[in-house]
Peer 1: 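First the structure, which I've put down as structure tokens, then a few questions once you've had a look.
The figures here come from the full heavy-atom set of this structure, side chains too, leaving out hydrogens, waters and symmetry mates.
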Amino acid sequence: MGRLRLLLLLGAAALGAAVLAAADEEGNQDESLEPKTLAAEDQVKDHSTGTRVVAGQIFLESGKSDPQSEDEENFHSQEEEKENSLEELNSLEMSNLLNKELEEAEIQNPVLTAIGGTADGEPCHFPFLFMEKEYAECTADGREDGRLWCATTYDYKKDQKWGFCETEEQSNKRRQMQEAEDVYQTGMKILNESSKKAQKKEAYQYLLKAADMNHTKAMEKVSYALLFGDYLKQNIQSSKELFEKLTEEGSPKGQMALGFLYASGLGVNSSQAKALVYYTFGALGGNLIAHMILGYRYWAGIGVLQSCESALTHYRLVANHVASDISLTGGTVVQRIRLADEVENPGMASGMLEEDLIQYYQFLAEKGDVQAQVGLGQLHLHGGRGVEQNHQRAFEYFNQAANAGNSHAMAFLGKMYSEGSDVVPQSNETALQYFKKAADMGNPVGQSGLGMAYLYGRGVPVNYELALKYFQKAAEQGWVDGQLQLGSMYYNGIGVKRDYKQALKYFNLASQGGHILAFYNLAQMHATGTGVMRSCHTAVELFKNVCERGRWSERLMTAYNSYKDGDSNSAVVQYLLLAEQGYEVAQSNAAFILDQKASIVGENETYPRALLHWNRAASQGYTVARIKLGDYHFYGFGTDVDYETAFIHYRLASEQQHSAQAMFNLGYMHEKGLGIKQDIHLAKRFYDMAAEASPDAQVPVFLALCKLGVIYSVQYVREINIREVFSHIDMDQLLGPEWDLYLMTIITLLLGTIIAYRQRQHQAIPRPAGLRPAVPQQEPPPEHQPPQ
């Protein structure tokens, strides 16, 4: 019986909570509809002019209205409805429970009390009527000083009951923050609308002013600008002070940045423990970069115990945000330029287009070259390779090529209209026209776009069969969007029977084309074990790839440009932050700049820090970084000389990445017996392998082999007894019985040749007549003799 009673009580409590929620929701809906109803009614019946006192200030009267009491009646009617619905439950326990919940709700939502005025200490009444307008919150209308006030009765004009909503100190602070907000918005407007450096510097002056007024967002902008040297002079100490101030205010951006300073030891003593604490707080506050940093740290085991599942949690959260920002165009292109590769291979293409080449293509496009128009259109649509994203120019180039009948340009115009932007208004109808024209000409981009239209019903009725047909046509031609959408249809079972194997196949094909969403979908499948064996490691690597395509990847190009402009300190700080996020190219570039003795860190710290980042880059598979680790241990840069460790790194680079440089170094170490037993035969083997691995290694390998041959010959001669060798030589058997006659003949011929040469040389000396042979003069060399 007791159990039954307990169950009834719990059931009644649950039902009561549900009814209360429904009643509250109904009340909220009524309140949201009330202003609209009142606004529609003609409440103004009489108008008069004059002046009156409003909230303690003289105010110019523009009209008056009769008092209204409908809101109070509505409020009472809503309360009656709630009471009636509760009475239907007919339960004493329920009433007590509801009363308790209502009391708690009142405690959680305290009533605003008027300060001063004519109703000091009385609760504000919302909504209240003032100047024929209802106010649901405190207002500054009617006051020249901008101080917020409220009425304590519904009709202010009738009762003249009012009070301030804030103290004078609070009012001054609010107005100051409003002024700071205005300055901040002015700076951001200039920053977003201008592309010139001088205007951006002007924008940061506004942001500096707003930051001085304690505007949080302005402080965040200014602190990062001071950290990186973006349009402000780089000042690590000032940025650190701002980050500390932001952290005290609970800013996730400030917490993440302060964690970065402690992790990299910039402006503070390095502390991985403090860095981890600040990163964790930043991540809890929703900062995506902090999540990404923690994901990498758990994945690589930096400062924490290695945990694939923890890394998966952080990376998946960031990847969800990145994937949600990806459009049909696939997002911006990430440029990964390695400074070490540029130095060691100057002729190697870095992926950047030179200004002269861009101007050449522009010249061709102006002359009507359709391929140049399409290429430039794609370049400006996606950005990258040293070209900024510019939808206006992309649209112009595509338009010119489309008018010339190019199907690719038509398809890309369809994509631009389908997505819409500030330049091109969104239009499903126009997009559909371009997609159809391109698809009729067999263009895979147009076919994929037409498939998207039928899949989502953009401008046409939804038709999964046609969508599948067009996606298959696009996929057969290798277009990544078609492959991706086919994979999605098989994965979700849209228009086809659900087939995870087919989905995996098409996602893999699209990922080979570099589509971010293909990586994202594959990561989800491996993380959940859908269609494949669950693999946390594979899922993390795929999610990491997606995360590195986020908007923060643009910082890679900013850092590269800073380095090219000669600002190594700004570049290295930017690369260090990206290195914390797990970018291998940033880790190697930061190490490369530190290796050149960057002045932002102490001279004694450059090599140890460079060694740290070479190590992280090498663990992600970068060959040059692995060889650099070998060099650092070989020469003792940033660590003690350790030939055995150097040998291990060279061997890893040789076996895993087939590096010719590593093979050559292994040959040298075998030749000299450094870190390994001396073995000339193994040295020759590694030298030969280096020559086979790279044509560039053939000349140094030839010289090394010549040297090795000499060393081998000397070593051989040392090991044998020369007298014993000559005693065993039989000249009669080797050269014949008359070998001495042959030898004498050869010697005679050599002597005769020398004598003949000497005589000819004396005959060639000129003998001028009439000169006394008292002082013999030096004979000029034969090539300088005057003609006879």
Peer 1: How far does CG of Asp341 sit from OH of Tyr622, to the nearest 0.5 angstrom?
Peer 2: 3.5 Å
Peer 1: In terms of side-chain geometry, is the basic nitrogen of Asp631 or Arg626 positioned less than 4.0 Å from the acidic oxygen of its partner?
Peer 2: no
Peer 1: Measure the spacing between OH of Tyr397 and CG of Leu381 and express it to the nearest 0.5 Å.
Peer 2: 13.5 Å
Peer 1: Is a side-chain N or O of Ser654 found less than 3.5 angstrom from the main chain of Tyr650, in a donor-acceptor match?
Peer 2: no
Peer 1: Can you find a heavy atom in the side chain of Phe634 that is under 4.5 Å from one in the side chain of Asn665?
Peer 2: no
Peer 1: Applying the side-chain contact (heavy atoms from CB on, under 4.5 Å) test to Leu750, which of Ile747, Thr753, Ile746 qualifies?
Peer 2: Ile746
Peer 1: List the steps, then state whether side chain to side chain contact (heavy atoms under 4.5 Å, CB included) holds for His633 with Val641.
Peer 2: CA-CA 5 Å; His633 285 94; Val641 173; over 6 Å; no
Peer 1: Less than 4.5 Å apart, any side-chain heavy atom of Asp567 and any of Asn569?
Peer 2: yes
Peer 1: Does any donor atom in the side chain of Arg297 or Gln272 lie under 3.5 Å from an acceptor atom in the other side chain?
Peer 2: yes
Peer 1: Any donor and acceptor pair, going by atom type alone, linking the side chain of Ser570 with main-chain N or O of Phe228 inside 3.5 Å?
Peer 2: yes
Peer 1: Should the pair Trp299 and Tyr296 be assigned to parallel (<30°), tilted (30 to 60°) or perpendicular (>60°) ring geometry?
Peer 2: tilted
Peer 1: With side chain to side chain contact (heavy atoms under 4.5 Å, CB included) as the test, would you mind laying out the steps for Asn545 and Ile516 before giving the verdict?
Peer 2: CA-CA 8 Å; Asn545 196 327; Ile516 305 175; over 6 Å; no
Peer 1: Between Arg609 and Ala590, is there a donor-acceptor pair closer than 3.5 Å when you use the side chain of the first and the backbone of the second?
Peer 2: no
Peer 1: Over 60° means perpendicular and under 30° means parallel, so classify the ring planes of Phe686 and His670, tilted if in between.
Peer 2: parallel
Peer 1: Give a yes-or-no answer on whether the side chains of Gln581 and Lys544 include a donor-acceptor pair shorter than 3.5 Å.
Peer 2: no
Peer 1: Does CG belonging to Asp565 count more than 12 external heavy atoms closer than 6.0 Å?
Peer 2: yes
Peer 1: Do side-chain atoms of Ser694 reach the backbone of Ala690 as a donor and acceptor pair under 3.5 angstrom?
Peer 2: no
Peer 1: Can you establish whether the number of heavy atoms outside Arg555 located under 6.0 Å from its atom CZ is more than 12?
Peer 2: yes
Peer 1: For the residue pair Asn589 and Ile337, establish whether any side-chain heavy-atom pair is separated by less than 4.5 Å.
Peer 2: no
Peer 1: Using atom types as modelled and distance alone, determine if a side-chain donor or acceptor of Thr639 lies under 3.5 Å from a backbone N or O of Gly636.
Peer 2: no
Peer 1: Test the Arg338-Phe592 pair against the cation-pi criterion, namely NZ or CZ under 6.0 angstrom from the six-membered ring centroid and within 45° of the ring axis.
Peer 2: no
Peer 1: First locate atom CD of Gln574, then atom CD1 of Ile593, and finally report the distance between them rounded to the nearest 0.5 Å.
Peer 2: 9.5 Å
Peer 1: Tell me if the CZ atom of Phe637 is crowded by more than 12 foreign heavy atoms within 6.0 Å.
Peer 2: yes
Peer 1: For Ile600 and Gln234, run side chain to side chain contact (heavy atoms under 4.5 Å, CB included): C-alpha distance rounded to whole Å, both residues' side-chain angles, the deciding distance at 0.1 Å, then the answer.
Peer 2: CA-CA 10 Å; Ile600 200 166; Gln234 190 176 29; 3.9 Å; yes
Peer 1: When you check the gap from the basic side-chain N to the acidic O, do Glu671 and Lys707 get nearer than 4.0 Å?
Peer 2: yes
Peer 1: Heavy-atom distance under 4.5 Å between the side chains of Met292 and Trp552, does that happen here?
Peer 2: yes
Peer 1: Counting only heavy atoms not in Leu749, do more than 12 sit closer than 6.0 Å to its CG atom?
Peer 2: yes
Peer 1: Would you call Tyr583 and Leu577 a side-chain contact if the rule is heavy atoms closer than 4.5 Å?
Peer 2: no
Peer 1: For Gly550, is there any backbone N or O sitting under 3.5 Å from a side-chain donor or acceptor partner on Ser553?
Peer 2: yes
Peer 1: Between Tyr315 and Phe543, does the ring centroid distance fall short of 6.0 Å?
Peer 2: no
Peer 1: Could you check if a side-chain atom of Ile627 sits within less than 4.5 angstrom of a side-chain atom of His649, using non-hydrogen atoms only?
Peer 2: no
Peer 1: Consider only side-chain N and O atoms of Tyr632 and Asn615, and report whether a donor and an acceptor are under 3.5 Å apart.
Peer 2: no
Peer 1: For the residue pair Phe519 and His515, is the inter-centroid distance of their aromatic rings smaller than 6.0 Å?
Peer 2: no
Peer 1: Give a yes or no answer on whether the side chain of Asn508 reaches the backbone of Leu504 with a donor-acceptor pair at less than 3.5 Å.
Peer 2: yes
Peer 1: What I'd like to find out is whether the side chain of Leu611 reaches to under 4.5 Å of the side chain of Lys628, using heavy atoms alone.
Peer 2: no
Peer 1: Who pairs with Gln373 by side-chain hydrogen bond (donor to acceptor under 3.5 Å, both in side chains), at least two apart in sequence or on another chain?
Peer 2: Gln400
Peer 1: May I ask you to check whether over 12 heavy atoms, not counting those of Gln596, lie within 6.0 Å of atom CD?
Peer 2: yes
Peer 1: Going by heavy atoms in the side chains, are Leu556 and Tyr575 under 4.5 Å from each other?
Peer 2: yes
Peer 1: Is there a side chain to side chain contact (heavy atoms under 4.5 Å, CB included) between Leu652 and Leu629? Walk through the geometry before answering.
Peer 2: CA-CA 11 Å; Leu652 285 172; Leu629 283 177; over 6 Å; no
